[in-house]
Amino acid sequence: MYRTHPCGELRAANIGQTVTLAGWVQKVRNLGGMAFVDLRDRYGITQLAVDEHAAAELRAAIEGLGREFVVQAVGKVVERASKNPKMETGDIEVILSALRILSAADTPPFTIEEQSDGGDEIRMKYRYLDLRRGPLQRNMMLRHRMAQITRNYLDKKGFLEIETPYMISSTPEGARDFIVPSRLNPGEFYALPQSPQTFKQLLMVSGYDRYFQIVRCFRDEDLRADRQPEFTQIDCEMAFVEQEDVLNTFEGMARMLFKEVLNVEFEGAFPRMSWHEAMEFYGSDKPDIRFGMRFCNITEEVKGRDFAVFDTAEYVGAICAAGAAGYTRKQLDALTEWVKRPQIGAKGMVYIRCEADGSYKSSVDKFYSPDDLKKIAEKAGAKAGDLILILSGPRRQTLNALGQLRLEVAEQLGLRDKTKFAPLWVVDFPLLEWDEETQRFYAMHHPFTSPKKEDFSLLETDPGQARANAYDFVVNGVEIGGGSIRIHDSGVQAQMFKLLGFTPEEAERQFGFLLNAFKYGAPPHGGIAFGFDRFCSLFGGADSIRDYIAFPKNNSGRDVMIDSPAPVAQAQLDELFIDIKPLPGK
Ligand code: ASP
C-alpha cells in the first residue's frame with residue numbers, strides 16, 4: 001500500500017498515529033536544523049517535518065529533493081507548534097521517519113501552486129503540469145460533480161443515456177463541419193456531429209421517449225473564450241411533450257445543480273421573456289438580468305429640436321445608470337470612444353446627467369431645453385444622481401450597441417457580480433432569419449424546429465413573422481442551453497426545407513432518412529441541449545470555458561501539448577486517395 005491517507009485528510013484527531021503519505025513535493029524549506037516539505041496531492045497539502053535529531057540518511061534524502069519529486073513518506077502525526085489556519089491540515093505536521101523517492105522530477109517550467117508564474121502558452125504546452133494545480137483540480141472536480149448530479153437527476157426522471165455515433169454526415173447547426181476521410185470508401189467523408197440532433201429525434205421515433213447524453217460535439221468555428229472546436233453538451237430529447245413540459249423538466253435540473261453545487265436557491269419560477277422583449281429592451285437574445293437598465297425608446301420624444309442626428313435616426317434609445325451622475329468628463333469621453341469602436345459601431349453617444357440639485361446637464365444642451373431633458377429623464381425613469389446614456393441610428397444596430405454599452409456600464413458599476421445568478425428562459429424566437437447577403441431565410445435555431453401552431457399559416461403568407469416553439473436558457477448574459485419542439489410531420493418538414501431554399505432533391509439527399517422516419521409513426525417531441533463547459537465555467541465564476549476542459553485547444557484550434565493538428569505521412573494520404581494542394585502563395 002502506497003499510502004494510508006491522502007494529503008488533505010489529516011487533522012488534530014490523527015495526532016499520535018503513524019501514517020504513510022504519497023504525493024508531489026511542492027516546496028522544501030531547509031531552516032538550519034529543521035527541514036519542512038509541503039507534500040501535495042489532489043486532496044490537499046500536508047507539512048512533513050524533519051528535525052535535527054533525525055537520522056543522517058533521512059536528512060540527506062530531504063537535501064536531495066526537488067520540486068515535483070514524487071515521494072512516499074512515513075511518519076508520526078504531531079500537533080504543530082505554530083498552527084496555520086489557512087491550511088486545512090494546518091493543525092498538524094508529520095514528523096518523518098522514512099522517505100522514499102518514487103520518481104525524481106526535472107524542475108518544472110512554471111510553479112505549480114495556486115497562482116502560477118507561467119504564462120498561458122507554456123501552461124498549455126505542459127497542460128499535465130498545470131492540471132496538477134489546485135485551481136484546475138477544483139475545476140475538474142466541479143465538472144465531475146455537475147455531470148454526476150445531471151446524470152442522477154435525469155436517471156430519476158426516467159431518461160435513458162444512449163450514445164450516438166461520432167462518424168456521421170453533416171448536421172444542420174449552421175457551423176462548418178470537421179470531416180474525416182473514409183479509407184474504405186475512397187473520396188467520401190464522414191462529418192463529426194455538430195450535435196446529435198437528428199439521432200436524438202430518430203430515437204424518439206424508435207420509442208425511447210426520454211433520452212440524454214453528455215456528449216462531445218464538434219464545430220469548426222472561429223474560436224473565442226467561450227468556444228472550443230470540441231465541446232460538451234448535456235443533450236436531451238423527450239417525446240409526447242409540449243414546450244411547457246420541457247421547460248419544467250430542465251428548470252428542475254438547473255435548480256438541482258444550483259442547489260447541490262452552489263447552495264443557491266431561487267424563489268418562484270424562472271422568469272420567461274419573449275425574444276422580442278429581450279431584443280427591444282436589452283438588445284440581446286441573452287439578456288443579463290442581474291441588474292435593470294432596460295432600454296427606453298425615446299425616438300419620438302427627441303425629434304423636432306433641430307438636432308439632425310436624432311431627427312434622422314430610425315431609433316433613439318436610452319439607458320439609465322443609477323447613481324452614475326458622478327461620471328467625469330474623462331470617463332464619458334472614454335465610453336464614447338468605446339461605443340465608436342468598430343465592434344460596437346455607434347457613431348457617438350449623448351449623455352444627460354441628472355444632478356443632485358434636480359438640474360440636468362447634457363452633451364446636447366444646445367438643442368434641448370431643461371424641460372425637454374426633464375421629460376426624457378422622466379421617461380427613462382431617472383432620478384437625481386443618475387446618468388442617462390443615449391445612442392441613435394439604424395434600429396437593429398443601435399439596439400445591439402446599446403446592449404453592449406449596458407453591459408459595459410454595468411461592469412464598471414460592479415453590477416455583474418459573479419456570485420449572483422439570474423436565470424431566465426428566452427422564448428418565442430422567430431422561426432426564420434432573413435439574410436440580406438444571400439437573400440434567403442435561415443433557420444434561427446435549426447430546420448427541425450416547429451413553428452408555433454398559431455403561426456403555421458404565416459409560413460405561406462409571411463414566413464419572416466412566424467414564431468418558433470424554441471427556447472434558450474440564459475444565465476447572467478450567457479446562453480447556457482437551447483432547444484425546441486420539433487416538427488414531427490414529414491409534410492411540414494418538407495415545407496420547412498423548401499422555405500430554407502433546399503430543393504426537394506437536396507432535402508432528400510441530406511435528410512431523407514429523417515423525412516422517411518417520420519412516415520413510420522413519429523411522436524410529437526422536443527428537447528434541449530446545454531453547453532456543459534459553459535455551465536461549469538458559469539458555476540466556477542470564470543469567463544473562459546478552457547479551464548473546465550482537461551485538454552483544451554488554443555485560439556487557433558491547436559493542441560500545443562501534443563502538437564496537433566499535424567501533417568500525416570504520404571502513405572496515409574495515398575491510402576485515402578488524398579492530394580494536398582499547395583497553400584496559396586507558397
Ligand atoms: N441540437 C441543438 C443545439 O445543439 C439543441 C437542441 O435543439 O436540442 O443547439
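Computation of the quantities below employed the complete heavy-atom set of this structure, encompassing side-chain atoms and omitting hydrogens, waters and symmetry-equivalent molecules. Here the structure is a predicted model, which means the values were calculated and not measured. Start at 1 and go down the list; that is how both ligands and their atoms are numbered.
Among residues two or more places apart in sequence or in another chain, the side-chain hydrogen bond (donor to acceptor under 3.5 Å, both in side chains) test is passed with S170 by D177. Residues satisfying the side-chain hydrogen bond (donor to acceptor under 3.5 Å, both in side chains) test with R138, not counting sequence neighbours, are E114.
A salt bridge links R395 to E280: at least one charged side-chain nitrogen sits closer than 4.0 Å to a carboxylate oxygen.
The residues lining ligand 1, counting any heavy atom closer than 4.0 Å, are E173, S195, Q197, K200, R219, Q233, H445, H446, G482, G483, R486, G527, I528, A529.
Using a 30° and 60° split on the angle between ring planes, F258 and F539 fall in the tilted class, from 30° to 60°. Between F448 and H446, the two ring planes are tilted [angle within 30° to 60°].
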Which donor-acceptor pairs under 3.5 Å do side chains of residues 521-534 form with protein atoms, sequence neighbours excluded?
{"residue": "H525", "atom": "ND1", "partner": "P523", "partner atom": "O", "Å": "2.8"}
{"residue": "H525", "atom": "NE2", "partner": "Q201", "partner atom": "NE2", "Å": "3.0"}
{"residue": "D533", "atom": "OD1", "partner": "R143", "partner atom": "NH1", "Å": "2.7"}
{"residue": "D533", "atom": "OD1", "partner": "R143", "partner atom": "NH2", "Å": "3.2"}
{"residue": "D533", "atom": "OD2", "partner": "T232", "partner atom": "N", "Å": "2.7"}
{"residue": "R534", "atom": "NE", "partner": "D226", "partner atom": "O", "Å": "3.4"}
{"residue": "R534", "atom": "NH1", "partner": "E479", "partner atom": "O", "Å": "3.0"}

